[in-house]
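Note that ligands are numbered from 1 as they come in the structure, with each ligand's atoms numbered from 1 the same way. What you are looking at is a predicted structure, and each value in this text was computed from that prediction instead of being measured.
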Amino acid sequence: MNDKKTIFSAIQPSGTITLGNYLGALKNWVNLQDDYNCIFSVADLHAITVRQDPKTLRKNILQAYALLIACGIDLQKSIFFIQSHVPAHSELAWLLNCYTQFGELSRMTQFKAKSLIHKNDINAGLFTYPCLMAADILLYQSDLVPVGADQKQHLELSRDIALRFNNTYSPTFKIPDPYIAKTGAKIMSLQDPSKKMSKSDANVNAFIGILDDPDVIMKKFKRAVTDSQADVRFAQGKDGVNNLMSIYSCVTGLSYEQIEQQFAGKGYGDFKTCVAQAVIDMLIPIQDEFKHLMKDKAYLEESYRNHAQTAMKISYKTLAKVKRKIGFIS
Ligand code: TRP
């Protein structure tokens, strides 16, 4: 191994990946690959904490794998595997369950929120989800984990679990820090800019899927909620326009001042068309590469198998250490 720090992150294979996921997270992952040892995963074990249709899940896992490669995850630089292919994740998750308190898990806001949505399936996996996430991170002795606001509490719990284990036995896990990206924005809903852009939004006009057709993208931007003024300006109370400016800035690299100058005296119609076009131009090569990859199942299979092998080698070292410290015999 080299002296670069290790970064771990994962994404759930639950349907569409949105423009928000791309600009807020994935684009950063891609940029990290030169400076860190990056380990990325499709978190299929996490996905089954809510009921999944087998056929759809199967399709979504492969699509997520291909789409992330299309977005720029480089299989020569990074390790990129499917979580359920590396048994150490399930195994360590069980062990960590026994070092995590009921009270701690009960305080997780995502568990509380999901319990309300899935009233008829508040399963034990949904409850101990953070232990699996801790296992993901700790198996690779990760230094840094890029997480959005919604996963911050889970990362903090991972740190607590790791510290507790280290203190009970002896140093075993590296304590991971959150990675705060220098760039990368929080992209909001196009229909209600006070809410985060989410693929689970009941209104499909609220989010852009990375695989949306160009004319659909154009339509969605044209319908985006703005305000009754007509100036493209980043200011308080202009959440809709601010969000579009932030998207445009992420995609083009222009500053807010430059964007304000570009659209001075122009209406929202022109602005929305330009934002949509910039997004389309950015996504077309990704969509093309995705289609190309999906035609080559053999390549995808070979890649995720090889990468799972690599992940297995690294993760088993940590798992073996943990089992030894607990007192299991080998
Ligand atoms: N739970 C994360 C999410 O839903 C995905 C995830 C699984 C993850 N394991 C992880 C993120 C480990 C960071 C580190 O977004």
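Relative ring orientation between Phe81 and Phe8 is described as tilted, the plane-to-plane angle lying within the 30° to 60° band.
A salt bridge does not link Lys5 with Asp35: every distance from a Lys NZ or Arg NE/NH1/NH2 to an Asp or Glu carboxylate oxygen is 4.0 Å or more.
Cluster partners of Leu132, using a side-chain heavy-atom cutoff of under 4.5 Å among ILVMFWY residues and allowing indirect links, are Leu45. Through side-chain heavy atoms spaced under 4.5 Å, either directly or across other Ile, Leu, Val, Met, Phe, Trp or Tyr residues, Ile175 is tied to Leu163.
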Could you go through ligand 1 and note, for every N or O atom, any protein N or O atom closer than 3.5 angstrom, writing the atom names and distance to 0.1 Å, or 'none'?
residue  : atom  : partner : partner atom : Å
ligand 1 : 1 (N) : Tyr129  : OH           : 2.7
ligand 1 : 1 (N) : Gln151  : OE1          : 3.3
ligand 1 : 4 (O) : Gln12   : NE2          : 3.0
ligand 1 : 4 (O) : Tyr129  : OH           : 3.1
ligand 1 : 9 (N) : Asp136  : OD2          : 2.6

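Just one of Ile161, Leu92, Ile137 meets the side chain to side chain contact (heavy atoms under 4.5 Å, CB included) condition when paired with Phe173; it is Leu92.
With sequence neighbours excluded, the residues satisfying side-chain contact (heavy atoms from CB on, under 4.5 Å) with Ser9 are Trp29, Phe40, Pro146.
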